[in-house]
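For reference, the structure discussed in these notes is given below.
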Amino acid sequence: MSLRSDRMKKGVARAGARSLLHACGVTLKQLDKPFIGIANAFTDMVPGHLTLRELCRTVEMGISAGGGVPFQFGSPAICDGIAMGHSGMFYSLPSREIIADIVETMAEAHALDGLILLTDCDKITPGMLMGAARLDIPAIVVTAGPMYSGNLGGRRLSLVKDTFEAVGRFRAGLMTAEELAESEMRACPGPGSCQGLYTANTMACVSEAMGMSLPGCATAMAGMAKKARTAHESGERIVELVRQGVTARTIMNSQAFVNGVRVDMALGGSSNTCLHLPAIAHEAGVDLPLDRFDVLSRETPQITSILPGGEHFMEDLEFAGGIPAVLKALADLVEDTLTVSGKTTREIVQTAQIMDDDVIRTKETAYAPEGGIAVLKGNLAPDGCVVKQSAVSAAMRTFTGKACCFDSEEAAMEAILAGTIEDGSVLVIRYEGPRGGPGMREMLSPTSALTGMGKEDTVALITDGRFSGGTRGPCLGHVSPEAATGGPIALVQDGDAITIDIPNRSLTLHVETAELERRRAAWRAPEPKIKTGWLARYASLVQPAHTGAILRPAG
């Protein structure tokens, strides 16, 4: 069998390379085997990644059992919850590009035959998938798994509801400092990605739905023996994919992306997929415009009700049958396409079981007739914006309010915590887009504070930044064009009337065209917030949110 790695290790001219490989402990017999890279995003500062060191060992054993040679290399990992609310969040979305570049760099420099993508949290999974799609070599995603719920007096706790939103409840006098301290100590009981359909778990589910993880991987809880078995089987399987020549783009075709979007809609997952899936598709050579999300959302019922928009936890989804059961419930909406397991999606559906028909409902008994995300357009967002409609109450699906404008997240947060935001307001947080941020910061702190204060049914929020998957309420993000490029959101003034109409997919600024043109003539682009380092380069290359915030190619 001809291997990609042969160009690095075979022939007289490669004597030096072989000598260096022998220095790493590689034997003569191993030189004839597939070289498999393990992109390991282990860090002991991110709960979702705490178990990756142990899982890496299990993956290595699987690769060896399958007849390959494992080689581990590192990748950055940022916890959005820790980076949230300060300058650290500028780096979160841009880190996706660094991760993709690292995967490409290591696989090309060392001529790896295949990849195990060992990941879990928000930007790491899409970054690794982008790298794999760009390389188009065999690859399998292994996620570390969700975190179990916390517990306080028999009540299940979750990170967002019981810490981020608790800040708002504390400020509103609805809980004591002692109760807040107890809640934050118990909300996250151990390793794993946060307990609801926030971005990490959404991307894990989408990766499996697209066929890039073995069946059952996405929802198997962190620390479960099932997760270890999946890791071992993934190690064995990647060697077989190399032998069969099944590459990343073979799996990540147009049908796979449809399945990924459908499962996101059916679950009521994170709106961040509207950034990540188009970016992955771009690398895979597949067209996935933002409008496609809305088309699929209108066709796909929401069949689960999981945090933050519902009350179930990821552990409930796992024990109800996981993603195979979700695919089974969606039935004929699922495209039949190959997965890394060697089975097609329809074959996986045939053996799947729905173990709890309240956690995973059928199309006929769905929680909502449409999927979790809606794409809105209008004179305030000509290129679109997104809202997690599954987390918006019926009372706020259509809302008109007066604009209250802030040019940074910090300024908005200060006003929220000071209690100066009146009911009936539409908070406008701008200059937080891909270029203006830079890096399109998540707004979980302000949205959670508003929810904790009981304002999720009286105040709306729009931004050219983005939201955590943990956001709930009438919060519209990814407004495009962004303020930093002169988009209409830059022209909004305090007191302007804004209408959000989710059922009709519109976002309207009630200001005459002539007045907007007058404001545009007076508008001046602000100075970049960051002028040095990686983020300055990122801001000069990043494209609008509706493209997936991809980077402009060289030249």
For Arg472 and Ser390: C-alpha separation, side-chain torsions, deciding distance, then whether side-chain contact (heavy atoms from CB on, under 4.5 Å) applies. CA-CA 8 Å; Arg472 56 187 174 129; Ser390 59; over 6 Å; no
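- Between Arg505 and Glu370 a salt bridge is recorded (basic side-chain N to carboxylate O distance below 4.0 Å).
- For the pair Val59/His232, no side-chain contact is recorded, criterion being any heavy-atom separation below 4.5 Å from C-beta on.
- Contact between Thr219 and Cys205 at its shortest, heavy atoms only, is CG2-SG, 4.2 Å.
- A heavy-atom distance below 4.5 Å is not found between the side chains of Leu214 and Val141.
- Atoms CG and OG1, on Asp358 and Thr365 in that order, are 8.5 Å from each other to the nearest 0.5 Å.
- Ser271 approaches His478 most closely through the heavy-atom pair O-CE1, 3.5 Å.
- Of the possible polar contacts, one joining the Lys328 side chain to the Val349 backbone as a donor-acceptor pair under 3.5 Å is found.
- Salt-bridge formation is not detected for the pair Arg262/Glu335: no Lys NZ or Arg NE/NH1/NH2 atom is positioned less than 4.0 Å from an Asp or Glu carboxylate oxygen.
- Residues Asp113 and Ile137 have side chains not in contact (no heavy-atom distance under 4.5 Å, counting atoms from C-beta outward).
- Checked options Met252, Met212, Met128, Arg96; the residue passing with Ile280 is Met252 (criterion: side-chain contact (heavy atoms from CB on, under 4.5 Å)).
- How far CD1 of Ile502 is from CG of Leu476: 6.0 Å, rounded to the nearest 0.5 Å.
- Side chain of Glu482 to backbone of Arg435: a donor-acceptor contact under 3.5 angstrom is found.
- Side-chain contact check for Arg4 versus Leu135: some heavy-atom pair is nearer than 4.5 Å.
- The backbone N or O of Asp291 lies less than 3.5 Å from no partner atom in the side chain of Asp294, so there is not a single donor-acceptor pair.
- Under a 3.5 Å cut-off, the side chain of Thr230 and the backbone N or O of Lys226 do form a donor-acceptor pair.
- If you check the side chains of Lys9 and Ser5, you find a donor sitting under 3.5 Å from an acceptor.
- The minimum heavy-atom distance between Ser270 and Thr202, with the atom names listed, is N-OG1, 3.1 Å.
- For the pair Asp32 and Lys10, the salt-bridge criterion is met [side-chain N within less than 4.0 Å of a carboxylate O].
- The pair Asp464-Arg441 does not count as a salt bridge, with every side-chain nitrogen at least 4.0 angstrom from each carboxylate oxygen.
- Put simply, the residue from Val542, Leu93, Asn272 that forms a side-chain contact (heavy atoms from CB on, under 4.5 Å) with Met440 is Leu93.
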For Glu442 and Phe467, what are the C-alpha separation, side-chain angles and deciding distance, and is it a side-chain contact (heavy atoms from CB on, under 4.5 Å)? CA-CA 4 Å; Glu442 287 186 347; Phe467 297 116; 5.9 Å; no
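- A donor-acceptor pair is defined here as one N or O able to donate and one able to accept, closer than 3.5 Å; such a pair exists between the side chain of Ser540 and the backbone of Arg537.
- Between Gln195 and Tyr148, the shortest heavy-atom distance links the atoms NE2-O, 3.2 Å.
- Looking only at distances, a side-chain donor or acceptor of Thr345 sits under 3.5 Å from a matching main-chain atom of Thr337.
- For the pair Arg53 and Asp44, the salt-bridge criterion is not met [side-chain N within less than 4.0 Å of a carboxylate O].
- Among all heavy-atom pairs drawn from Ser95 and Ser92, the shortest one is OG-O, 2.6 Å.
- Of the N and O atoms on the side chains of Glu315 and Ser149, at least one donor lies less than 3.5 Å from an acceptor on the other residue.
- Residues Met8 and Leu21 form a side-chain contact, since some pair of their non-hydrogen atoms from C-beta on lies under 4.5 Å apart.
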Which is it for Ile98 and Ile102 under the side-chain contact (heavy atoms from CB on, under 4.5 Å) test, yes or no, and what are the steps along the way? CA-CA 6 Å; Ile98 295 175; Ile102 286 172; 3.9 Å; yes
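- Taking a cutoff of 4.0 Å between a charged side-chain nitrogen and a carboxylate oxygen, Asp80 and Lys123 qualify as a salt bridge.
- Between His276 and Asp264, the closest side-chain pair of non-hydrogen atoms is not below 4.5 Å.
- Of the inter-residue distances, the one linking Thr304 atom OG1 with Arg361 atom CZ reads 10.0 Å to the nearest 0.5 angstrom.
- Exactly one residue among Leu118, Leu117, Asp120 makes a side-chain contact (heavy atoms from CB on, under 4.5 Å) with Thr143. That residue is Asp120.
- Using a 4.5 Å cut-off on side-chain heavy atoms (C-beta onward), Trp534 and Pro94 make contact.
- The backbone N or O of Asp101 sits less than 3.5 Å from a side-chain atom of Thr105, completing a donor-acceptor pair.
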When you look at Leu307 and Leu197, which way does the side-chain contact (heavy atoms from CB on, under 4.5 Å) test go after all the steps? CA-CA 6 Å; Leu307 294 169; Leu197 274 172; over 6 Å; no
List the steps, then state whether salt bridge (charged side-chain N to carboxylate O under 4.0 Å, His left out) holds for Asp6 with Arg14. CA-CA 10 Å; Asp6 287 348; Arg14 297 293 174 261; over 6 Å; no
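- Panel note: side chain Ser341, backbone Lys343; a donor-acceptor pair is recorded below 3.5 Å.
- Relative orientation of the Tyr367 and His312 rings is perpendicular, given thresholds of 30° and 60° on the angle between their planes.
- Separation of atoms CG (Leu317) and CG (Asn201) is listed at 9.0 Å; rounding is to 0.5 Å.
- For the atom pair Asp357 CG and Thr362 OG1, the distance stands at 8.0 Å (nearest 0.5 Å).
- In this structure, Arg298 and Pro369 have side chains that are not in contact, with every pair of non-hydrogen atoms separated by 4.5 Å or more.
- In this structure a side-chain-to-backbone donor-acceptor pair under 3.5 Å is missing from Ser213 to Cys217.
- Of the charged side-chain nitrogens involved, at least one lies within less than 4.0 Å of a carboxylate oxygen, so that Glu108 and Arg7 count as a salt-bridged pair.
- In this structure, the separation between CD on Gln350 and CG on Leu327 is 12.5 Å, given to the nearest 0.5 Å.
- Considering all non-hydrogen atoms of both residues, Ile99 and Ile124 come closest at CD1-CA, 3.7 Å.
- For Glu60 and Arg57, the salt-bridge test passes: some basic side-chain N is under 4.0 Å from an acidic carboxylate O.
- Not one N or O on the side chain of Thr273 forms a donor-acceptor pair closer than 3.5 Å with the backbone of Gly269.
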